Amino acid sequence: LYAPEGKAALEYALGRGMPKATLTTFGIGYAPDTWSSLVDALRKKGYTDEELKESGLVTVSQKNGRIFDRFRDRLMFPIIDVRGNVIGFGGRIIKNDPNAAKYLNSPETLIFNKRKNLFGLNLAKKSKAGSLILVEGNIDVVALHQYGFDNAVASLGTSLTEEQATLMTRYAEQIILIYDGDKAGQNATQRAIPILEKAGLQVKVLQMRDAKDPDEYINKYGVEAFKLALKNAVPSTEFKLSLIKGKYDTSETDDKIKFINEAAESLVGINDAVEIDAYIRKLSEEN
């Protein structure tokens, strides 16, 4: 990252507000824009091509069977398990390329199972916050940690899994979900809520207003505003009801009936009678 060929990546990282201390804390590096820098370096160290394939750090050409670097021209994030072992890598593109995946993670290997790990949990497990903030990407985690929100974690390029939810129960009772506010982010939030609740976690949702992610929000409005937004994160049931309401024009009788019916269905899974009563009262007052 600090070599001449890493200049653009370092400028990108610094431009995203990552000071060198943060880059060091997270072990962030750079995969150069070449096809065999890593392959050549590891071969010199005595690793066999078979070992390189098993590591998940190379890709095999379907044309001729040659191997080449999996990560090229990407800002690199080591994926570290809760015991402090580097088990894989995530790479983020630094150029605008609509044909390339924004994030690329190591494939499954003998030591890396995406379903059972979370980015940043090795640091967040030490937090005194009493909750975990679950965000979408590695850079979101890094940004939040450097602003003092040391309880941020992210899933690893896949939808949240039951194993990840179970892992979180070891370190927190409450999860604050902050996914992108677009349609894809809302869908991801809706998928994550039942998985987290099934694991026994209390779930709150923070929807970003006028910002695509926490980093942009904090840059716009400041750390104190983000703290307040976290404090005002809504319970998962309230979030689900707001999405249902957004589908209907409740000033129209037919739509109002449809909304109430769908809202009632969404309350069926709640086991707490007091909570159900509170939401019924809230719906009655609003409609």
Side-chain angles (χ1 to χ4, degrees), residues 17 118 120-121 123-124 127-137 139-155 160 165 168-169 171-248 250 259 262-263 266-267 269-272 274-287:
L118 289 155
L121 188 59
L123 298 172
S127 174
K128 301 288 191 287
S131 63
L132 289 173
I133 300 172
L134 182 59
V135 292
E136 287 201 56
I139 284 186
D140 295 327
V141 172
V142 174
L144 285 174
H145 276 255
Q146 73 188 35
Y147 288 124
F149 303 97
D150 62 355
N151 55 333
V153 297
S155 53
L160 187 73
M168 284 188 270
T169 63
Y171 306 102
E173 294 180 357
Q174 183 184 87
I175 305 298
I176 302 171
L177 265 172
I178 313 178
Y179 284 172
D180 289 354
D182 57 16
K183 187 68 177 173
Q186 286 189 353
N187 289 340
T189 300
Q190 287 181 283
R191 286 194 300 271
I193 288 169
I195 294 170
L196 293 166
E197 290 179 338
K198 184 181 176 184
L201 292 157
Q202 181 193 358
V203 184
K204 289 195 168 186
V205 180
L206 171 55
Q207 289 185 282
M208 294 283 95
R209 305 293 182 194
D210 304 318
K212 68 178 186 295
D213 55 39
D215 188 23
E216 185 178 303
Y217 187 94
I218 293 170
N219 281 322
K220 270 187 177 182
Y221 305 111
V223 170
E224 291 306 314
F226 188 74
K227 283 181 182 176
L228 184 61
L230 281 176
K231 191 176 179 181
N232 293 330
V234 300
S236 57
T237 302
E238 197 168 320
F239 167 76
K240 287 184 280 189
L241 290 173
S242 70
L243 288 187
I244 294 169
K245 190 171 185 178
K247 291 158 56 178
Y248 301 105
T250 52
F259 163 62
E262 192 172 341
S266 73
L267 299 176
I270 300 174
N271 296 319
D272 188 332
V274 175
E275 186 180 353
I276 291 175
D277 186 58
Y279 280 113
I280 289 172
R281 286 175 183 273
K282 185 177 176 65
L283 288 170
S284 299
E285 290 167 4
E286 290 179 356
N287 298 282

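All values reported here derive from a predicted model rather than from experimental measurement. The chain is numbered in sequence order, starting from 1.
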Asker: Is it true that, when you exclude E238 itself, more than 12 heavy atoms of the residues, nucleotides or ligands shown sit nearer than 6.0 Å to its CD?
Answerer: yes
Asker: Could you go step by step and tell me if L241 and K245 meet the side-chain contact (heavy atoms from CB on, under 4.5 Å) rule?
Answerer: CA-CA 6 Å; L241 290 173; K245 190 171 185 178; over 6 Å; no
Asker: Nearest 0.5 Å, please: how far is CD1 in I133 from CG in N151?
Answerer: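 Taking CG in N151 and CD1 in I133, the distance rounds to 4.0 Å.
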Asker: Any non-hydrogen side-chain atom of K240 less than 4.5 Å from a side-chain atom of V205?
Answerer: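 Not in contact.
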Asker: Looking only at heavy atoms, what is the nearest atom pair of A154 and G137, with distance?
Answerer: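 Taking A154 first and G137 second, the nearest heavy atoms are CB-O, 3.9 Å.
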Asker: Report yes or no: do D140 and Y179 form a side-chain donor-acceptor pair below 3.5 Å?
Answerer: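 There is no such pair (donor and acceptor under 3.5 Å, judged by atom type) between the side chains of D140 and Y179.
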Asker: Quick one: pull up CG in L243 and OG1 in T189 and give me the separation to the nearest 0.5 Å.
Answerer: 8.5 Å
Asker: Hey, what do you get for CD (E224) to NZ (K227), rounding to the nearest 0.5 Å?
Answerer: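 NZ of K227 is found 4.5 Å from CD of E224.
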Asker: Could you tell me whether the side chain of D150 and the main chain of S127 form a donor-acceptor pair under 3.5 Å?
Answerer: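 Checked: no pair found.
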Asker: Would you please test L230 and F149 for side-chain contact (heavy atoms from CB on, under 4.5 Å) and show each step?
Answerer: CA-CA 11 Å; L230 281 176; F149 303 97; 3.8 Å; yes
Asker: CZ of F226 to NZ of K220: how many Å apart, nearest 0.5 Å?
Answerer: 14.5 Å
Asker: Could you tell me the separation between the OG atom of S131 and the CD1 atom of I176, rounded to the nearest 0.5 Å?
Answerer: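 So the OG of S131 and the CD1 of I176 are separated by 4.5 Å.
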Asker: Which pair of heavy atoms, one from A152 and one from A124, lies closest together, and at what distance?
Answerer: O-CB, 3.9 Å
Asker: V141 and G120: which non-hydrogen atoms are nearest, and at how many Å?
Answerer: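 So the two residues come closest at CG1-CA, 4.3 Å.
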Asker: So, for P194 and Q190, which heavy atoms are closest and what is the spacing to 0.1 Å?
Answerer: CD-O, 3.0 Å
Asker: Any side-chain heavy atom of D277 sitting closer than 4.5 Å to one from R281?
Answerer: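 With C-beta onward as the side chain, the pair touches.
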Asker: Has E136 got a side-chain atom pairing as donor or acceptor with D180's backbone, closer than 3.5 angstrom?
Answerer: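 Yes, the answer is positive, given that a donor and an acceptor are paired below the 3.5 Å cut-off.
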Asker: Evaluate the side-chain proximity of I218 to L144: yes if any heavy-atom separation is below 4.5 Å, no if none is.
Answerer: yes
Asker: Among pairs that include at least one residue of residues 193-212, which meet side-chain hydrogen bond (donor to acceptor under 3.5 Å, both in side chains), considering only residues two or more places apart or in two chains?
Answerer: E162-K198, Q174-Q202, E197-S236, K212-E216
Asker: Would you mind reporting whether I193 and L177 have side-chain heavy atoms less than 4.5 Å apart?
Answerer: yes
Asker: Kindly assign one of parallel, tilted or perpendicular to the pair F259 and Y248, based on the angle between their ring planes and the thresholds 30° and 60°.
Answerer: tilted
Asker: Among residues at least two apart in sequence or on other chains, which ones pass salt bridge (Lys or Arg N to Asp or Glu O under 4.0 Å) with E262?
Answerer: K247
Asker: Could you go through the side-chain contact (heavy atoms from CB on, under 4.5 Å) check for I178 and Y217 one step at a time?
Answerer: CA-CA 12 Å; I178 313 178; Y217 187 94; over 6 Å; no
Asker: How close do A199 and T169 get, heavy atom to heavy atom, and via which atoms?
Answerer: O-CG2, 3.5 Å
Asker: Atom CD1 in I195, atom CG in L201: separation rounded to 0.5 Å?
Answerer: 11.5 Å
